[in-house]
Amino acid sequence: MNAISQLYRRFNTLRGRRVFILPTRFGVLYGGFLLLILLAAINYSNSLGHILCFLLASMGQLAIHYTYRNMAKIELLGAYSEPCFLGQAIPFYCRFDNPSRHDCLHLHVASKQSNERSWNPFKNVTGFQYQPHQTVDVLTGQQTTAHCITVPSTHRGQQTIGQIRLSTRFPFGLFDTWTYFTPACAALVYPNPIGHLPLPSSTNDGQSHHGIQRKGVDDFSGLQPYRDGDPMHAIAWKAMARDDVLRTKQFSSSLSGQFVLSWHATASLTDTESRLSQLCRWVLDSESHGLAYGLVLPNMTIEVDRGNAHQQRCLTALALYD
Amino acid sequence: MPSDTSLIWLILSLNLAALPHFSYQPLWVALLFLSMMSWRSLAIWQHWPLPGRQHRTLSLVQWVVAAGAGLLMLDSYGNFIGRDAGTALLIVMVGLKVVEIRNHRDYYISCFLGYFLVVTNFLYSQSIPIAALMLVIIILMTSCLISLNDIKQVLSKMAQLKLASKMLLQAIPLMLILFVLFPRIAGPLWGLPQDAHTAQTGISNSMSLGKISELIQSDAVAFRVKFDQTMPAGHELYWRGPVLWNTDGTTWRELTLPSHSEPRPPIISTTGQPSIYTVTLEPHNEHWLFALDVPTVFPTSFGASLAYGGELLSRKPIKQRTQYQLSSNTRFSMNPDTDHYLNEALILPKGFHPRTRALAEEWRQKAKSPEDIIDMALNHFNQQPFYYTLTPPALTGDTIDGFLFESGKGFCEHYAASFTVLMRAAGIPTRVVTGYQGGEINPVDGYLVVRQRDAHAWTEVWLQDRGWVRIDPTAAVSQDRIELGMSELLPNALRAPLFFSQSEQLIDIWQQLRNNWDAVNNAWNRSILAYGPELQKSFLSKLGMINPNWQSMAITLFAAFSLILLITSAVLLYPRREPDPVVATYQQFCQRFVKLGLVARYAHEGPIDFARRMTHALPHYQTDIGHITAQYISLRYDQSVSSIAEFKHSVKHFKPNK
């Protein structure tokens, strides 16, 4: 048994991706009209009526090939995503490759929304649980292009893109051809940044970091060339307008304003998710105010720091907390 | 909601598809259709309101229009079925549907109705121009479908039309296979409505003076004939149609037999070689099948039988183009001993034609035999001032007397009728035969084409021991009509249309064009329009299919279908690898040296090494080789912006010789 399933799997690999094709309801209607035309032609012994019927039937048969060709060769090379907050839509960037010489037009990209199965087997075929996201107007021949799919975020932490359904009805709309991709791509979903507790002040954090002189927000101390990760609000835009060089304003401050955002400070909230949301809100607020902060969770501690990289580290810790 | 562009193109295509119908549909159908189309167009351009949720009154208006159309339809046709009424219904439906196109489904239905409009056009005419127009409409309609699915109109209209035409061309092989092999069923499947076939002009079953001369205006083909061997001489080509016996003094009609008597076909005896020929008869909605005089061998397939006058009749009226093979002798005798209906051929209405009767009586007293009387009559026509004219003056009063003693100007039916009256008055049984005389050989395909203008009337007299003998009094007046044929006698204005009738050369050109066009039409009729169950069987037998029945056709069709499917998928889906143009051009460059007998580039040899070796062999071309190699390297290995066109150009002009 195992050998057979292995063989079957190997056969599937050799055969390539499965591409499905079925007539749409308009395709069925088209067939009905052809039958009518044939009946009229037979009844009136009309030769050109026969020719018309056969010509349209032949074009319908070609439509199968054209519709299939409009999608069959397309590959999903990969997908990448950007992290987002719970409640927001996750952008997944899918890189589609069209290796054929023809442009492929009007493809619909949908992603699987739930694993629920309907009692109606046709619904699974027609893809009811695939929510359409985007129409790709054109995939130029022999080119790779990235297209963004937005998927609503459902839970905090890692969210995979799931199954992608690529379908097309071009050129006639008489046939619907589709295929599935399952790219290995997961997006990080941060907690929803809501919470009304005030930002904890530096005095009640219980720890002190006296004596360490660090660059801060308090006093302007000079300009330095821009480096990746420098916050946007610190860029010297006016200086850039002069000579087109990105510089970052440097401030000197003592870390007197630094504090730690602690899991315990949210004790008034009972729910884990609300506590994480509150912490998330605080992280964002502190960063936007240019404050230095640390994060303490029951299972991990992040030292006091600031900057984009630090913020991301904190948000990731919040996202993956369990 | 379909885009405006696709809607406009749909409206255009539907208008074009409905256009040929407007010539015979009642005016209100055209008006209703065009106003509905204009409404939709104005909704697109001027943002006129359309019926729908926002404008319930307009929906009401539409319902009222639909109901009114139904009433008008009942008024015009009395029902909704049948060819004319069905087409009217379809046109009205398309018009109303276009106004209420709101979503893709409506658009699809309109498109499919458009395809159906095409088929209704074929019910009226299957000529080549209509077929060409319909082909254009199919392309337009298909491009509408593409346009609907091309939601953002990524393709230009030109590209959509090109794609539609390409698909149409690619569809032709399978269409041909289906056309040849799809088992044909002899229609009709259900009773055809009365109006299934368009009324045709042609010879009718009665003759009155001045009636046949109307036909000379018509250039339409009556039938075409293909002779197997030699064709009889032009003056022997008498195509027998209805034979007329009864007259009321002005109109001649077929013999009305008492209902209980059985028709007796004539007894024919022939001498000499028969001519075998095939007639392709255009539909004329009557029973007679035209034959070269009296056929001796005729098909029984459509219930053909010889009537008592020697004319060939089919059981059903000829409503479609019909083909039949016949064999005739130009030398024959019909009923030489006696004829059952001889008395009928002697009756003249009482109190008519007194002067003609007097003349006939005079001749009978002078003559020794019936032959003498016939000669006297023909001499009378020949020597007295009688004229053969295509535009005879209108006669009042006793038309035969008026023609014989006053006007003296007449067409064939004048001569045939008055001759018959003369003979009957003199006691010789005589009848009028109508049909066609002559015809033109089309040099392009060798078919004899007989047109409506070749319509003719002649007479037959019955003589003891000789039977019915053909006498053509028209020949006594105008030998040319019989010897040269009708077309030579026609005035220029009737021989060719306006522009071409100006000079003899132009008429020749016109006739040549017409011959070619006619040959094309004939081939079209014979091979495409006539392709039905019988022709399919004979064609497939010719192709080598033994006993073609629907089972064997279905099997062959299935096999051919699979083969075509395989070929189309191979052509459309096989990945064709196109080499990189830069590499291909460089390979051309390397090939130039091989032609000079130099050793080809080694597999391990890079372009620089190769260039060095070639420069060593051909020092004159050092700069060229260096230049091309540099271009190649920069195009291939460098991200620089060297132009491929320039590289191709320099390789193209690099022609080394030793």
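Below, read A as the first sequence line, B as the second, and so on, with proteins coming before strands; counting in each chain starts at 1. Please read these numbers as outputs of a predicted model, since none were measured by experiment.
Considering only heavy-atom pairs separated by less than 4.5 Å from chain A, the leading option among B/Leu148, B/Val154, B/Ile564 is B/Val154. Here A/Phe54 is the residue among A/Phe54, A/Phe170, A/Tyr68, A/Phe172 with the most heavy-atom pairs under 4.5 Å with chain B. Per-residue heavy-atom pair counts under 4.5 Å with chain A were compared for B/Arg105, B/Met134, B/Met175, B/His104, and the maximum is reached by B/Met175. Of the listed residues B/Val118, B/Ile185, B/Ile151, the one with more heavy-atom pairs under 4.5 angstrom with chain A than any other is B/Ile151. When each of B/Ile109, B/Ile177, B/Val119, B/Leu135 is scored by its heavy-atom pairs under 4.5 Å with chain A, the top score falls to B/Val119. Options A/Leu105, A/Val138, A/Leu174, A/Ile51 differ in how many heavy-atom pairs under 4.5 Å they form with chain B, and the most are formed by A/Ile51. Per-residue heavy-atom pair counts under 4.5 Å with chain B were compared for A/Gly173, A/Ser45, A/Ala57, and the maximum is reached by A/Gly173. Chain A forms the most heavy-atom pairs under 4.5 Å with one residue out of B/Asn121, B/Ile172, B/Leu113, and that residue is B/Leu113. Heavy-atom pairs under 4.5 Å with chain A were tallied for B/Thr142, B/Asp150, B/Leu145, B/Leu529; the largest tally goes to B/Asp150.
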Using the rule given for side chain to side chain contact (heavy atoms under 4.5 Å, CB included), can you reason through A/His106 versus A/Asp137, listing the C-alpha separation, both sets of side-chain angles and the distance that settles it, and then say yes or no? CA-CA 4 Å; A/His106 297 288; A/Asp137 291 329; 3.9 Å; yes

Criterion side chain to side chain contact (heavy atoms under 4.5 Å, CB included) on A/Tyr80 and A/Arg95, from CA distance to verdict: CA-CA 9 Å; A/Tyr80 58 95; A/Arg95 285 175 55 238; 4.3 Å; yes

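Within the structure, every pair that satisfies the side-chain hydrogen bond (donor to acceptor under 3.5 Å, both in side chains) test and touches residues 167-180 of chain B, not counting sequence neighbours, is listed here: A/Tyr66-B/Gln170.
With hydrogens and angles disregarded, no donor-acceptor distance shorter than 3.5 Å links the side chain of B/Asn522 to the backbone of B/Arg526. Looking at B/Asn103, its side chain does come within 3.5 Å of a backbone N or O of B/Asp106 through a donor-acceptor pair. With hydrogens and angles ignored, the 3.5 Å screen pairs a side-chain donor or acceptor of A/Ser153 with a backbone N or O of A/Gln88.
Counted within 6.0 Å of NZ on B/Lys97, heavy atoms from surrounding residues, nucleotides or ligands total more than 12; the atom is thus considered enclosed. No more than 12 heavy-atom neighbours from other residues, nucleotides or ligands sit within 6.0 angstrom of CD on B/Glu534. The local environment of CZ in A/Phe20 is crowded, with over 12 non-hydrogen atoms from other residues, nucleotides or ligands closer than 6.0 Å.
Interface residue A/Leu39: backbone and side-chain heavy atoms are both found under 4.5 Å from chain B. Contacts of B/Tyr108 with chain A are made by side-chain atoms alone, with heavy-atom separations under 4.5 Å and no backbone atom involved. Residue contact with chain A, scored on non-hydrogen atoms closer than 4.5 Å, involves the backbone and the side chain of B/Leu565 alike. Contacts between B/Arg184 and chain A at a heavy-atom distance below 4.5 Å involve the side chain alone, from C-beta outward. With a threshold of 4.5 angstrom between heavy atoms, B/Ser147 does not approach chain A through any atom at all. Contacts between A/Leu48 and chain B at a heavy-atom distance below 4.5 Å involve backbone atoms as well as side-chain atoms. Of the atoms belonging to B/Leu168, heavy atoms from both backbone and side chain fall under 4.5 Å from chain A.
A donor atom on one side chain and an acceptor atom on the other are not found under 3.5 Å apart for B/Tyr107 and B/Ser3. A/Ser47 and B/Gln126 share no donor-acceptor pair across their side chains, judged by distance under 3.5 Å alone.
For residues 28-36 of chain A, the interface with chain B (any heavy-atom pair closer than 4.5 Å) comprises A/Leu29, A/Tyr30, A/Phe33, A/Leu36, sorted by residue number.
The OG atom of B/Ser143 lies 12.0 Å from the CD1 atom of B/Ile138; values are rounded to the nearest 0.5 Å. Between atom OG1 of residue A/Thr179 and atom CD1 of residue A/Ile74 there is a gap of 10.0 Å, rounded to the nearest 0.5 Å.
Between A/Leu246 and A/Met240 the shortest heavy-atom distance is CD2-SD, 3.5 Å.
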